[in-house]
Amino acid sequence: MPAAPLRLGLAGLGTVGIGVVKIVQAEADLIAARAGRAVTITAVSARDRTRNRDADLSSYAWEADPVRLARREDIDVLVEVMGGHDGPARAATEAAIASGKDVVTANKALLAHHGQALAVAAEGVGRVIRFEAAVAGGIPAIKALTEGLAGNRIKRVMGVMNGTCNYILTRMQSAGLPYDQVFEEARQLGYLEADPNLDVGGIDAGHKLSLLAAIAFGTQVSFGAVELEGIGSVSIDDIRLAEDMGYRIKLLGIAQMTGRGLEQRMTPCLVPADSPIGQLQGGTNMVVLEGDSVGQIVLRGAGAGMGPTASAVMADVIDLARGFRVPTFGQPAASLALPQAARSATPAPYYLRMTLIDKPGALAKIATCLGEAGISIDQMRQYGHQGANAPVLIVTHKAAPSDIAHATGRFAATGVLVGQPVAIRIEEV
Ligand code: HSE
């Protein structure tokens with residue numbers, strides 16, 4: 001007798017939801033062959049039933065309330081692709097777990113805020129939450145960490161995981177345009193989230209990093225401990241000068257476990273222009289995983305969009321159809337440690353840009369501030385004078401962020417500084 005179909009309840013009929021419908025309908029035979037059973041959609045839910053959607057939904061039951069959808073007895077899995085870290089997405093996920101269903105979600109915000117509690121609840125009733133689509137869209141980053149690298153002690157996880165930010169930064173660099181103008185372009189192209197700060201404030205990418213860190217280091221998700229800085233203050237001057245020194249500016253996420261605790265940061269930083277991350281153009285994502293046995297793995301692909309995100313959702317659905325069940329964060333949620341956040345980041349070289357009054361001894365005063373903070377200069381350039389001022393660029397040897405802050409804080413008192421200095425961390429990737 002053929003195995004019973006796996007029956008989905010689909011909450012959310014936006015771009016990702018419709019992408020899932022299309023794959024389920026168009027690839028029914030391929031999915032059944034791979035999973036050993038059919039995957040069907042029983043019922044769907046969305047805010048507006050009357051909206052014209054590019055898919056035939058006529059054979060699916062309609063539920064106006066996603067919580068009712070989640071509780072239906074004729075579904076096995078809730079596929080939640082509505083978004084939002086509270087409200088209907090959370091209520092539907094909790095209802096699905098309470099009524100004994102597995103959950104497949106693309107919702108990074110929900111898991112970044114409530115992942116631990118949801119995972120404990122799911123595992124308490126023998127269910128799992130899978131979220132491949134929540135991190136870096138179509139890139140199978142979660143599978144790579146939980147399955148492919150399961151035999152490794154993970155050293156470091158890095159990623160460019162917000163395509164909108166990477167589009168803005170690479171467009172600024174290639175077209176020589178200022179941030180505000182490219183931000184507006186991105187808005188007109190429809191790249192920005194409804195709340196653009198989720199993208200350009202680094203929050204969306206920070207959510208994703210916190211999920212990868214939980215799996216990588218066996219710790220409870222701690223999004224609140226991610227050091228976050230958006231790209232709004234990245235200037236075209238810094239992009240140009242960084243390029244001149246052989247670097248590119250990226251919104252880069254890094255998570256690593258150190259002797260001082262877990263470091264997680266999602267901040268603009270300089271990376272070598274010829275590194276894989278430095279070469280990443282446009283809205284593409286990249287996830288870099290480093291394990292003790294495997295070394296470095298680089299995954300690159302589309303981080304958003306209908307096809308790539310639905311592809312990731314379907315990978316989780318097919319796993320469940322096959323009966324392949326991995327705990328939500330790669331090990332039982334109850335065994336995840338409470339991470340201790342590192343109070344300061346590992347030392348790194350820094351890029352410092354400032355404008356100095358062009359007079360004898362100005363540079364010496366700045367060098368003294370650095371020297372007295374224990375910071376050694378690696379490279380220095382002075383660019384064409386602008387009237388009585390001289391733009392100066394310094395790359396330091398490795399320094400603690402607190403020493404950089406201390407030294408740059410003292411620049412103003414030298415009386416030779418014009419405006420504010422810029423300090424950007426340089427990452428070895
Ligand atoms: N807004 C995100 C991005 C996709 O630009 O990459 C959803 O997380």
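Count residues from 1 along the sequence. Source: prediction; values computed, not measured. Both counts, for ligands and for their atoms, begin at 1 and track the order of listing.
Annotation for ligand 1: atoms under 4.0 Å from non-hydrogen atoms of Glu193 are 1 (N), 2 (C), 4 (C), 7 (C). Using a 4.0 Å cut-off to heavy atoms of Asn162, the atoms of ligand 1 that qualify are 1 (N), 2 (C), 3 (C), 5 (O), 6 (O). Heavy-atom proximity to Asp204, at under 4.0 Å, picks out these atoms of ligand 1: 2 (C), 7 (C), 8 (O).
If you check which protein heavy atom lies closest to atom 6 (O) of ligand 1, you get Gly163 N, 2.7 Å. For atom 5 (O) of ligand 1, the closest non-hydrogen atom on the protein side is Thr164 OG1, 2.6 Å.
Every pair passing ring pair (Phe, Tyr, Trp, His ring centres under 6.0 Å) that includes a residue from residues 314-346 is listed here, sequence neighbours excluded: Phe131-Phe329.
A donor-acceptor pair under 3.5 Å is formed between the side chain of Thr396 and the backbone N or O of Tyr350.
Taking distance alone, with nitrogen or oxygen atoms compared against 3.5 Å, Tyr191 stays at or beyond that limit from ligand 1.
Under the 6.0 Å cut-off for aromatic ring centres, His85 and His207 do not qualify, their centroids lying 6.0 Å or more apart.
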Could you pull out every donor-acceptor pair under 3.5 Å between side chains of residues 121-128 and any protein atom, sequence neighbours left out?
{"unit_1": "Glu123", "atom_1": "OE1", "unit_2": "Ala333", "atom_2": "N", "d": "2.6"}
{"unit_1": "Glu123", "atom_1": "OE2", "unit_2": "Thr328", "atom_2": "N", "d": "3.3"}
{"unit_1": "Arg127", "atom_1": "NE", "unit_2": "Gly100", "atom_2": "O", "d": "3.2"}
{"unit_1": "Arg127", "atom_1": "NH1", "unit_2": "Asp102", "atom_2": "OD2", "d": "3.2"}

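Under 4.0 angstrom from ligand 1, the non-hydrogen atoms of Asp199 all belong to its side chain.
Side-chain contact between Glu290 and Met158: present, with at least one pair of heavy atoms (C-beta onward) separated by less than 4.5 Å.
Ion pairing of Lys143 with Asp316 is absent here, as no side-chain N (NZ or NE/NH1/NH2) approaches a carboxylate O to less than 4.0 Å.
Between Lys108 and ligand 1 there is a heavy-atom distance shorter than 4.0 Å.
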